[in-house]
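Below is one structure, written out as structure tokens; comments come after it.
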Amino acid sequence: MPREIGGDRFGRALRDLRVSVTDRCNFRCPYCMPKEEFGDGYRFVPAAGQLTDAETVRLAGLFADLGVRKLRITGGEPLLRRGLPALIAALAPLRARGIDDIALTTNGFLLERHAPALAGAGLDRVTVSLDSLDPHVFEHLNGLDRPLEPVLRGIDAALAAGLEPIKINVVVLRGVNDGGLLDLVERFRGTGIAVRFIEYMDVGNRNGWSADQVVPSRRIVETIDAVHPLEPAEPAYAGEVARRYRYADGAGEIGFISSVSEPFCGDCTRARLSVDGTLYTCLFAWKGVALLPLLRAGAGDAEIARAVRDTWERRDDRYSEDRKRVQAFIDGKRRGGDGRPAVAARAKVEMSEVEMAKVEMHRVGG
Ligand code: SAM
Ligand code: SF4
Ligand code: SF4
């Protein structure tokens, strides 16, 4: 068995693998897959170019040997993958190789139907994306006027199936759903379900992101704290993405994923495997390492593990921290200062390269 990877160029271990099991989606959220861009003419990965279940399990096993402990199944919308419970069932035995958590991120629209089989197959827990409890805002934010009710029933079904702890992901867009955040807080406080507010990110190059659409997490903390006093909670584990807070009255927890205002690249232990078998070492990566050709050329485990190890050991991604440095430079200019030219000039080149060529999130997996 290959030994675990020591760390990347900044000493970050490889601990989490996000596996995108499809690049298709039944939603067209404007911040992720805007319908104008992902319409009829969009070329999704053809079936022959997608990792099979057996290939996915083989790669996930090699990643486990190299240090991965958590698997997150994502997409696109992972519940569109045919036979997903069978894939989960085939991944579950990787616990013997060190995997201690198998989670799924879903928009929840088909969850009611699938929750029992997923739980039966060995899935530990789900995270459901739900940006608003206002049916009109929800319909707007999924791009296709899909109704809200099936998602709420999906969450109930996940609870009933024991896919806990359940988390709710809320992407916050200024002027779109930021007026309804307290509704989400009220609905899930005291239920054991943790809501996590995510700053809108400049993922991909098709969502028309601009910094003024981002609501900084600290503003949301202040708004909630004024109604339900909050206390910071200690990170549950190294590399935890969300900053967590407890309700002072004991009604549970909420979290904030603040990759724009408070980047956390220093602790980032996540790799991503897209459905076409490409390994990416950053959500914002503009290039990856194609593992599928290796697999299909008959490479042995040692050769594939070496490709993964080499990729991770060369890794120096810290896109969100670079973005913040660039923003600080721009702000400094606006205030009449000269910012920090050496750092910002270098980061800016990286940013523009990324803007030109980075891949879409639905292929990388969220
Ligand atoms: N379709 C599934 C879902 O929506 O949960 C899984 C894939 S989705 C890409 C994974 C997560 O990324 C979701 O919680 C989604 O809200 C989040 N996401 C997508 N685009 C984003 C963006 N531009 N900024 C912040 N979060 C984003
Ligand atoms: Fe689909 Fe999830 Fe992206 Fe929305 S966030 S378009 S549900 S993949
Ligand atoms: Fe990790 Fe890249 Fe996100 Fe930084 S920007 S936290 S390196 S995925």
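For ligands, and for the atoms within them, numbers begin at 1 and follow the listed sequence. Owing to the predicted nature of the structure, the values given are computational and were not obtained by experimental measurement.
Cation-pi contact between Arg146 and Phe27: absent, since separation from the ring centre below 6.0 Å together with deviation from the ring axis within 45° is not met. A cation-pi arrangement is present between Arg323 and Phe284 under the rule of less than 6.0 angstrom and at most 45 degrees off the ring axis.
Of the candidates Arg81, Arg82, Arg58, Asp53 forms a salt bridge (Lys or Arg N to Asp or Glu O under 4.0 Å) with just one, namely Arg81.
Salt-bridge check for Glu321 with Lys324: failed, with every basic side-chain N at 4.0 Å or more from each acidic carboxylate O. Comment: Asp101 does not engage Arg72 in a salt bridge, judged by the lack of any side-chain N to carboxylate O separation of less than 4.0 angstrom. For the pair Glu262 and Arg243, the salt-bridge criterion is met [side-chain N within less than 4.0 Å of a carboxylate O]. Salt bridge Arg125/Glu164: absent, no basic N to carboxylate O contact under 4.0 Å. The pair Arg270-Asp16 does not count as a salt bridge, with every side-chain nitrogen at least 4.0 angstrom from each carboxylate oxygen.
The nearest heavy-atom contact from the protein to atom 2 (Fe) of ligand 3 is Cys282 SG, 2.3 Å. The protein non-hydrogen atom at the shortest distance from atom 8 (S) of ligand 3 is Leu283 N, 3.2 Å.
Residue contact check for ligand 2: Gly76 places a non-hydrogen atom closer than 4.0 Å to it. Contact between Gly108 and ligand 1 is absent, with no heavy atom of the residue lying under 4.0 Å from the ligand.
Residue Thr74 has no nitrogen or oxygen atom sitting less than 3.5 Å from a nitrogen or oxygen atom of ligand 1, judged on distance alone. For a threshold of 3.5 Å applied to N or O pairs, the pair formed by Tyr200 and ligand 1 contains no separation below that value. Remark: ligand 1 and Met201 share an N or O pair separated by less than 3.5 Å (distance only, no angle test). Any N or O atom pair closer than 3.5 Å counts here, and Thr105 shares no such pair with ligand 1. Note: an N/O pair closer than 3.5 Å links Gly76 and ligand 1 by distance alone. At least one N or O atom of Tyr31, backbone or side chain, sits closer than 3.5 Å to an N or O atom of ligand 1.
Every atom of ligand 1 is numbered from 1 in the order shown, and the set under 4.0 Å from a heavy atom of Glu199 is 25 (C). Every atom of ligand 3 with a heavy atom of Ser320 under 4.0 Å away is listed here by number and element: 5 (S). Near Asn107, with a cut-off below 4.0 Å to any heavy atom, the atoms of ligand 1 are 2 (C), 3 (C), 5 (O). Of all the atoms in ligand 3, the ones that sit under 4.0 Å from a non-hydrogen atom of Tyr319 are 5 (S). Atoms of ligand 3 lying under 4.0 Å from at least one heavy atom of Arg270, given by number and element, are 1 (Fe), 6 (S). Below 4.0 Å from some heavy atom of Phe284 lie the following atoms of ligand 3, by number and element: 5 (S). Close approach of ligand 3 to Asp317 is summarised as follows: ligand atoms under 4.0 Å from at least one heavy atom of the residue are 7 (S). Listed by atom number, the atoms of ligand 1 under 4.0 Å from Asn169 heavy atoms are 14 (O). Taking every non-hydrogen atom of Phe264 and a distance limit under 4.0 Å, the qualifying atoms of ligand 3 come out as 6 (S). Each of the atoms 1 (N), 2 (C) of ligand 1 lies under 4.0 Å from some heavy atom of Glu77.
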Would Arg174 and Glu199 count as a salt bridge (Lys or Arg N to Asp or Glu O under 4.0 Å) here? Give the steps. CA-CA 10 Å; Arg174 186 186 296 279; Glu199 288 178 350; over 6 Å; no
Does the side-chain hydrogen bond (donor to acceptor under 3.5 Å, both in side chains) test come out yes or no for Asp134 and Ser132, once each step is laid out? CA-CA 5 Å; Asp134 177 321; Ser132 180; 5.3 Å; no
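Under 4.0 angstrom from ligand 1, there are no non-hydrogen atoms of Val128. Residue contacts with ligand 1 for Ile198 involve side-chain atoms from C-beta outward but no N, CA, C or O (heavy atoms, distance under 4.0 Å).
Checking Cys29 against atom 4 (Fe) of ligand 2, an N/O/S atom falls under the 2.8 Å cut-off.
In the model, Tyr31 has a side-chain atom that pairs as donor or acceptor with a side-chain atom of Asp131 under 3.5 Å.
With contacts defined as side-chain heavy-atom distances shorter than 4.5 Å, the pair Arg9/Arg318 does not qualify.
The two atoms that bring Ala161 and Ala119 nearest to each other are O-CB, 3.5 Å, heavy atoms only.
Relative to atom 1 (Fe) of ligand 3, the option among Ser259, Cys265, Cys268 with the closest non-hydrogen atom is Cys268.
A perpendicular orientation is assigned to the rings of Tyr42 and Phe44, their planes being inclined by more than 60° (bins at 30° and 60°).
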